[in-house]
Amino acid sequence: MTPTLLELLAVAREDEASQSPGPAKASVTSDTGTPTYLEDFPESLKAWSENEKSESESPNGENELADSLLNLSVSSIPEAEEELDYSLEKEGPELIDISSEYIVISPSSDSMEEETSKSNEKSLISDSEKLNPRSSDSSENVELSKSKGKKRVTLSDEDVVFSENLSLTKISTLRPCPSVAMKLDILDSIDISPDGSAMMEEAWERVKKSYVYFKGQPVGTLAAMDPSAEDLNYNQVFVRDFVPSGLACLMRNEPDIVKHFLLKTLHLQGWEKRIDNFTLGEGVMPASFKVLFDPHRQKEILVADFGGSAIGRVAPVDSGFWWIILLRSYTKCTRDHTLADRPEVQRGMKLILNLCLSDGFDTFPTLLCADGCSMIDRRMGIYGYPIEIQALFFFALRCARQMLKAERDGKELIERIDKRIKALSFHIQKYYWLDFTQLNNIYRYKTEEYSHTAVNKFNVIPESIPDWVFDFMPLRGGYLIGNVSPARMDFRWFLVGNCIAILSCLATSAQATAIMDLVEERWEDLVGEMPLKIVYPALEGHEWRTVTGFDPKNTRWSYHNGGSWPVLLWLLTAACIKTGRPQIAKRAIELAEQRLSKDGWAEYYDGKTGRYIGKQARKYQTWSISGYLVAKMMIENPANLLISLEEDKRIANSTHARSASY
Ligand code: GLC
């Protein structure tokens with residue numbers, strides 16, 4: 001008989017009392033380019049920026065960080081800091097339950113990375129003999145025994161109860177939204193947040209409370225800690241959600257949680273991933289994971305979701321990319337190259353890249369995706385070649401390029417990466433770019449052109465341009481549109497894709513500037529009263545019905561469909577600093593500070609200008625909190641822009657050369 005939730009809770013509390021440490025004991029549930037404008041910045045950034053510049057612009061155009069990573073000899077690697085005990089107990093890990101819902105892995109030891117790396121090594125070899133033919137005869141194999149493991153609820157009081165009056169910032173009046181015409185330079189001299197430091201303190205406390213522990217070590221942050229709403233999957237560590245938390249910890253010089261997170265998720269990648277009878281690609285990273293307690297073995301176990309539980313059953317294409325990007329940020333911030341150099345970490349990167357660099361029927365260098373495979377994890381008409389994934393793909397390729405070692409199969413992979421980076425940047429810069437001039441060109445397109453001389457390469461019918469774009473497009477500014485495929489251009493604005501394109505230098509510097517211009521020109525639409533619109537505009541009426549499939553959570557101007565997400569503040573801020581436009585970020589941060597803490601750090605806001613707390617928004621959403629922290633720490637000290645990449649002159653040159661030859 002299935003125990004009731006109350007029964008489970010009771011057992012869980014007993015367990016909790018007798019079990020292991022950690023302030024926010026892991027929960028849980030379920031019975032199933034260099035800134036061009038530096039005047040505003042403190043000396044630290046200028047120094048950092050110069051440093052970056054000289055690092056990235058060696059005479060032969062090679063990227064220095066990449067070189068330094070690739071050339072590091074083992075003896076020159078500084079001693080790794082104290083490791084977690086990732087070694088295995090003799091008996092090896094045990095898979096206690098595989099269902100279409102979760103892969104449940106019971107670590108029969110304190111850690112499994114070593115075993116993961118062995119089993120990974122073996123399967124990579126069998127997949128691709130040429131990567132490492134010599135070791136394919138390894139006799140070590142992990143026996144996985146499958147049995148129906150009972151999942152338990154382990155909720156501690158700390159998980160669900162936390163002080164409502166916890167240093168809440170007292171901001172009583174809502175200041176008017178700064179008008180677009182407001183002189184931006186005035187803002188530079190304004191102390192943007194009299195309440196900022198209290199808010200920062202509160203934010204840190206809340207982030208700390210969201211820590212999830214495994215074997216006494218922090219391995220991630222819960223998606224939300226809203227005592228008033230049903231947990232659903234918000235009691236898990238989401239890979240994408242952890243990125244701002246991880247960056248905040250790096251900026252605060254607390255890198256351990258990031259390291260543990262990277263290793264734990266790498267470990268999860270190593271396990272067989274099955275949804276119904278179908279086995280997912282080896283490189284797929286989980287969307288989320290949680291820590292449960294196995295009462296039989298008296299041990300904590302990890303439970304991961306690779307899309308099997310997600311609404312719509314879609315694998316998270318973005319997870320692997322974020323993982324690589326965070327790994328590079330960790331390496332850059334700590335200068336601890338030993339983590340990225342580990343064989344199992346190198347292998348994890350290769351597996352992710354193998355998923356996206358494999359040959360197929362593609363005629364575009366972009367990555368074909370299903371709806372719901374990224375932050376927008378429900379049907380929103382982003383299937384095809386969504387800008388968010390393409391930008392993250394490009395970003396991850398460039399990060400991996402810096403960290404991959406050229407030895408053995410690495411060299412060939414690096415060559416593939418280089419080719420893809422060039423093709424991808426050309427494709428996106430040319431075909432996704434929309435500004436006033438380009439819109440006018442498309443408006444006048446001829447159709448049914450044949451052969452390579454075609455101007456309208458994808459046969460886009462001008463009548464398919466939605467009316468709103470003509471009004472929305474300012475004379476000054478432009479952006480990368482949502483999607484491009486045969487006869488289809490999704491003209492919607494997506495913030496994540498555009499900001500990631502800036503941070504990774506996928507957008508040219510002229511394009512990056514134009515994107516920031518657009519944000520200024522269309523402030524009311526894209527920022528409104530609460531930063532920031534995830535997508536603009538919303539789908540309404542018939543379009544909403546056909547594109548979302550009548551999704552009641554994604555009604556117009558709500559959630560993914562034109563809702564406003566405070567977490568996006570960190571991405572905008574990073575893009576602003578990168579393009580030398582900190583004033584824009586300051587305005588947005590100021591807006592968030594008026595309400596975010598007071599509103600209980602909501603997940604998202606609804607309405608055309610984002611005035612209302614979202615209908616089903618969680619409160620105390622961790623990435624709303626850590627996103628704010630990261631934005632603040634970057635704007636206060638732009639040297640914290642560690643996630644950003646410098647322009648690689650080789651890509652820019654090759655793109656221009658190819659462009660000119662067309
Ligand atoms: C929602 C969001 C997704 C996020 C998750 C956890 O499903 O759409 O992007 O990762 O919540 O916060």
Side-chain angles (χ1 to χ4, degrees), residues 27-30 206-207 210 212 220-226 229-247 261 265 285-290 303-323 325-326 369-382 386-389 391-392 494-497 499-500 532-535 538 548 551-555 558-571 600-606 613-628 630:
S27 41
V28 181
T29 70
S30 182
R206 292 196 180 278
V207 169
S210 74
V212 168
T221 47
L222 294 177
M225 294 185 72
D226 185 347
E230 225 190 298
D231 275 344
L232 293 177
N233 53 354
Y234 286 87
N235 58 14
Q236 308 205 13
V237 180
F238 277 76
V239 170
R240 72 176 72 87
D241 291 39
F242 180 71
V243 173
S245 297
L247 290 173
F261 166 87
T265 41
M285 279 281 181
S288 62
F289 69 89
K290 56 184 168 182
V303 175
D305 172 34
F306 294 90
S309 300
I311 294 165
R313 301 291 182 269
V314 179
V317 179
D318 62 338
S319 284
F321 298 148
W322 279 122
W323 185 87
I325 294 162
L326 189 60
C369 299
D371 232 333
C373 65
S374 62
M375 175 181 178
I376 298 179
D377 54 2
R378 301 163 78 95
R379 184 171 158 194
M380 264 296 290
I382 62 150
I387 185 64
E388 172 172 347
I389 292 296
L392 282 171
F494 290 85
L495 184 117
V496 176
C499 287
I500 295 289
L532 289 146
K533 282 264 170 284
I534 189 169
V535 49
T548 73
D551 188 342
K553 198 166 176 186
N554 272 335
T555 50
S558 181
Y559 199 42
H560 300 138
N561 188 11
S564 302
W565 291 65
V567 60
L568 302 178
L569 198 54
W570 81 266
L571 275 173
W601 305 92
E603 179 188 14
Y604 64 93
Y605 285 73
D606 285 357
I613 297 174
K615 203 172 199 169
Q616 294 187 49
R618 289 293 180 289
K619 297 275 186 83
Y620 309 106
Q621 179 81 16
T622 305
W623 69 356
S624 298
I625 305 171
S626 54
Y628 166 73
V630 172

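Both ligands and their constituent atoms are indexed starting at 1 by order of listing. It should be emphasised that the depicted structure is a prediction, and the values quoted were computed from it without experimental measurement.
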Element-labelled atoms of ligand 1 that are located less than 4.0 Å from some non-hydrogen atom of [X]:
X: H560; value: 2 (C), 8 (O)
X: Y559; value: 1 (C), 2 (C), 7 (O), 8 (O)
X: Q621; value: 12 (O)

Counting only nitrogen or oxygen atoms and a 3.5 angstrom limit, does [X] reach ligand 1?
X: R240; result: yes
X: I376; result: no
X: D241; result: yes

For [atom], the protein heavy atom that lies nearest, with its residue and separation:
atom: atom 7 (O) of ligand 1; value: D377 OD2, 2.7 Å
atom: atom 11 (O) of ligand 1; value: Y234 OH, 3.6 Å
atom: atom 9 (O) of ligand 1; value: M375 O, 2.7 Å

Tell me the contacting part of [X] for ligand 1: side chain, backbone, both, or neither, using a 4.0 Å heavy-atom threshold, strictly below.
X: F242; answer: neither
X: R618; answer: neither
X: R378; answer: neither

pair V239-T265: side-chain heavy atoms closer than 4.5 Å: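 Touching, per the 4.5 Å side-chain cut-off.
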Sub-6.0 Å ring centroid separation between W623 and F238: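 That pair fails the under 6.0 Å test.
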